Structure formats: structure tokens, C-alpha cells
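Counting starts at 1 for both ligands and their atoms, in listed order. None of these values were measured; they are calculated from a predicted model.
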Amino acid sequence: MEKKWWHDKVAYQIYPKSFCDTNGDGIGDLRGIISKLDYLKQLGVDIIWLSPIYKSPFVDQGYDIADYYAIAEEFGTMEEFDELLAEAKKRNMDLIMDLVINHCSDQHEWFQKALADPYGEYADYFYFRKGKDGNPPSNYRSYFGGSCWEPVPGTDLYYFHMFAKEQPDLNWENPKLRQELYNMVNWWLDKGLAGFRIDAIINIKKNLAFPDFEPDAPDGLAGCWKMVESVDGVGEFLEDLKRNTFRKHDAFTVAEVFNMKEGELPEFIGDDGHFSTIFDFSAHSLSDGEHGWYDAPPIDFKRWRKTVMDSQMEVQKSGFEANIIENHDEPRGVSRFLPDYAKNSDGAKMLGTVSLLLRGIPFIYQGQEIGMQNAVWNSIDEFDDISTKDQYHIAREAGLSDEEALEVCSRMSRDNARTPMQWCGEKNAGFTTGTPWLKVNSNYPEINVEKQEKDAGSVLNYYRRLVAVRKSPEYKNVFTYGEFEPEYADTDTVMGYYRFDGEKRMLVVANFGKDAVELKLRHPVKNIVLSNKNRKRAEFALKLESLEVLVLECM
Ligand code: GLC
Ligand code: CA
């Protein structure tokens, strides 16, 4: 395997709107990010991923881009962006941005021109199609609910959108459109960006016949992902994209890919794959409901453990995936993956350790490093997220009461990750002096950065040690390139694995159970590298306390 510059990096995702507000308008901004670069450096971050900061009407929080070359006024100016880039570089950190090119905003100039001339040049930047007998061209349901087809005013045409109707899909079959996108990608890379997180990229390939599928719900529609799963040929687009952009810059790319086909992984993340890496969502998919969030199964420890292990074993044959506990689309990991008795700082440290030391590129999501949790939501009106509103509706339609539907959304909402970053115990958690755009989690007096800075045993200080171990000269190689091997997979409550590079053998072992467990060690211990319970001794046998995690160097 060829070594790449990004293999041993630790990444951190910033959701700019909720990170740090410096002008009191209740919205995080670029100045706020600049002011926290030292904080990120101290955590050990190498690569910062910014969720979209482009000009946008924010129907889907910036994932609806109106101008790929402009910074949203809410966040700041291009000068401030350049300053951020320079300040990050000064600290030896790289910046990557979100690349949202499956769709743009309906406010984008291209779409406005297409609407003005529905048979003209720009209509071909999108999918404009005639309806079928007074109906839309096909029966697809968009990810955010309702038909994927929206009438083009004044015509008998519809345009295609897999997400909100304000996010028209771009026509990748059109070479002119592709060239416009490549120019834009290169423009940012020329500026000094290290790469991109690439949004919903598997969706760019459409079946141009747009065939109907068997309806899968009472609305008579079928999830549009069925078309995505059944169409071939996305790889050609992805190679074209890479050849014309990323490869020339040796960029780091991490793609959001669902619905990959069996056996395709090497094409995506192999030595010369379409991308540097893709996110591993296998554990997150465990709570995919059949019809929506309302029938999402709870996380079962053994199933979760097996899923993570299987994925690691499979992925290491081809390359590296990016490991996450949470992101801006997922509820908080501590609330989701841990049982009630573990939703505390010991649990947060344990979950963080087993995740960050997996093989792959760790991505920490803002607030994860202080153990942020889901918020308490009192009414559906408190949510902002477009997807949460849709899921509430789906749950109500399925017969759940208002209270039950609220409970579902409280558990699964994307807004759980989007509540403002908790910097201190003062008003609004120190995020803003104004009114925050989304409410602050009421637990901020207990969980915040300032408090944890002062506490050597805090989640934050533990995360700092954890990242430092991963990146230390002694252990960097084994945690980057070492093979993954499951251990204790037949126990009821222990998640354990070895990382082994021929020289060093590391054991990561955690007890997710309520009671202590006795474990035998296959290899004698040389050194306790990390412990969330201050353990000083470990030899051949080990009694692991409830919620205890250890990182051991073995013989
Ligand atoms: C991705 C983003 C999500 C967004 C969607 C549409 O899944 O992560 O936040 O809503 O794409 O762009
Ligand atoms: Ca602001």
C-alpha cells in the first residue's frame, strides 16, 4: 500500500453556524472559528472540515448553495476566509470544505436562468422532464419527503430534486456543467484548500429513464434511493471528477457514500480510488427505520460491536475509511450508542477511545470532545431541521401521538448535533451574546469547555491525551497502519481489539456493561498507555470495571 500524507491525520468537523458567534447575531461565524484555532490545535487536530459556508438561503443549512464562489454573509467575507486559511496553515492545520455538487440551491444563477428559459441552455444543467398523464415523470419520494419532481412554472415540465424542492439536482450528463464544477473545485484547491468532504456524491448518477418503483408507503411513492441503488456507472463520473481536480492537487477527499454496491469498495478507496476515503456509516445504519425514524430500532450492543468489527475487517483489505461517532446529520453518539447508565463522562471517554483508535481516519465532531449529548426538546416548534419536520409528519401519519412523535424526533433529530457548542457556563454557553439561532442544550452548566479545561479528569483532557497517544512517535505507526484484530468478541459486554504492525501490539479494551468482568490477556502487558480510571497495574488477568477502557501495549 502506498503511503499518503493524510493517513495519520486526525480530523475535526466544524458546523460553522453553531460553533462560535463573535458579532452577537446568534449565528456562528468565521471570526469565531479563527478565535478557536488554538483550541483545536491543542486537541491535536490536523484537518478541519467546515460544513458549508457558501452563500445560501439555508433551506437545508447551507447544503443548498446559491453561489459556489461566495461566502455566506452570515459567516463573514472571503477576506476572513483567506485569513482563516492562513491562520490554520500557520498552526500546521489543513482546511477542507464541504463540496455539495449533486444539487445546488434554487436561488443559484444557473437554476434561475433555467426557469427563465425552460428549453434553453441552462435547463440542461438540471433534469427538466415532461410529466406522465398529468403526473410527475416518476413516483420517487425525496429524502425530505414528497415527490422528487416539482413543476416548472408555466410549462408542462418538472424538475428533479432528491432532497428539498429548493435543491434541484445537477445534470452530470452535461459536460458543460461538469466543467463548471471542475473549474470551481480547482479554484478552491488553488487557494490552498487541502481537499473536500463530498456530499451525497453517489446520487449524481441517475437512471435517465426514471423508471417507477413499487410504492413502499401509503403515499404511493418509492424512496428515490432505489433508483440510486439500481443504476450503474457512477464510477465514470467519479473518475472524471478526480482526474480533472483532486488528483492534480494531491487533495484529501472524504466522501459521503451510502448505497455502495457489493464489492465496490476498492474502486472507491483503494490506492487509486475515486476518493481518499469515505465515511464508515455502518454503525449508524443500525438505526435506520424501515419507514422512518419512528420505527428505528434501538442500538443493541452486540449487534453494534459486530458491525464495527466486520466493517474494520473488510475495509482494511482495501484502504482506509473515516470513523465517526456523530456528525451534523446524526444524534449525539453518547446518547445513541451508550445505555443509560453509561451516558456520562466515563462512557464518553470509553466510546471515544474505541472509536478513535480503530483503523481509519478519526473525525471528531464539534462538542464530542466534551461529551455533548442530545438536547431535551419540548415541542416540535423548537426544531429547525427540515428533515426532523418531515420525520415528525411521517410519525404522526403512521398513527403516533404528538408526544410519541416528539419523543422519536428528540432521539433522532439532526438538531441534536446542531445545538450551539458549549464553551462555558455563562449565558448561552458562551456561544453568543445574542439570541442563538437554535436553542442551547440546557445541560451546558455541567458540560462545557471552560469547566473541563480546569479538570484534569474531564472528557476534554482525556480526548487530548487520546489524540496525543494516537499521534505520538511511539504509537503513530501502529495506530495508523497496524492491522485490526477483534478480541473478546464472544463476551456479553466487552469491546476489544488489537492493533498490530509487526513491531508493536496494542490492545484496546472496554467494558460497556454494568458489572465488572474478568478477562484473560493473551499477551502480557508491557505498558498501560491510557486508562479512563487511572489504572496503574495490569498483567495477565484483568478485572475491568463497568465503563472502564484501557489502551495497553502488549508483548
Ligand atoms: C448530506 C448532508 C446533509 C444534507 C444532504 C443534502 O447528507 O450531510 O446535511 O441535508 O446531504 O445536501
Ligand atoms: Ca455571527
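No part of Glu330 comes within 4.0 Å of ligand 1, judged by heavy-atom distances. Heavy atoms of Phe144 found under 4.0 angstrom from ligand 1 belong exclusively to the side chain. With a heavy-atom cut-off of 4.0 Å, His328 touches ligand 1 through its side chain alone. For Arg418, every heavy-atom contact with ligand 1 shorter than 4.0 Å involves the side chain, none the backbone.
Residues that satisfy the side-chain hydrogen bond (donor to acceptor under 3.5 Å, both in side chains) test with Asp21, not counting sequence neighbours, are Thr432. For Glu173, the side chain to side chain contact (heavy atoms under 4.5 Å, CB included) partners at least two apart in sequence or on another chain are Tyr127, Asn171, Lys205, Leu208, Phe237.
In this structure a side-chain-to-backbone donor-acceptor pair under 3.5 Å is present from Asp169 to Met162.
The aromatic ring centres of Phe363 and Phe279 sit less than 6.0 Å apart. Aromatic pair Phe160/Trp149: centroids less than 6.0 angstrom apart.
Every atom of ligand 1 with a heavy atom of Asp60 under 4.0 Å away is listed here by number and element: 4 (C), 5 (C), 6 (C), 10 (O), 12 (O). Atoms of ligand 1 lying under 4.0 Å from any heavy atom of Glu256, numbered from 1 in the order shown and given with element: 1 (C), 7 (O), 8 (O), 11 (O). Close approach to Arg414 involves these atoms of ligand 1, each under 4.0 Å from a residue heavy atom: 3 (C), 4 (C), 9 (O), 10 (O). Taking every non-hydrogen atom of Arg197 and a distance limit under 4.0 Å, the qualifying atoms of ligand 1 come out as 2 (C), 8 (O). Those atoms of ligand 1 with a heavy atom of Phe163 less than 4.0 angstrom away are 5 (C), 6 (C).
Exactly one of Phe81, Tyr69, Tyr182, Phe246 qualifies for a ring-ring contact (aromatic ring centres under 6.0 Å, His included) with Trp188. That residue is Phe81.
The number of heavy atoms from other shown groups lying within 6.0 Å of NZ (Lys165) does not exceed 12.
Annotation: side chain to side chain donor-acceptor pair (under 3.5 Å) contacts involving residues 257-269, sequence neighbours excluded, comprise Glu229-Asn259.
Within the structure, ligand 1 has His103 among the residues with a heavy atom less than 4.0 angstrom away.
Selection from Asp329, Ile198, Asn327 by nearest heavy atom to atom 3 (C) of ligand 1 gives Asp329.
Both cation-pi conditions hold for Lys17 and Phe58: the charged atom is under 6.0 angstrom from the six-membered ring centre and inside a 45 degree cone around its axis.
For a distance threshold of 3.0 Å, the protein N, O or S atoms nearer than that to the Ca ion (ligand 2), listed by chain and number, are Asp21 OD1, Asn23 OD1, Asp25 OD1, Ile27 O, Asp29 OD2.
Between the side chains of Glu180 and Tyr125, at least one donor N or O sits under 3.5 Å from an acceptor N or O.
Scanning all protein heavy atoms for the shortest distance to atom 1 (C) of ligand 1 gives Asp199 OD1, 2.7 Å.
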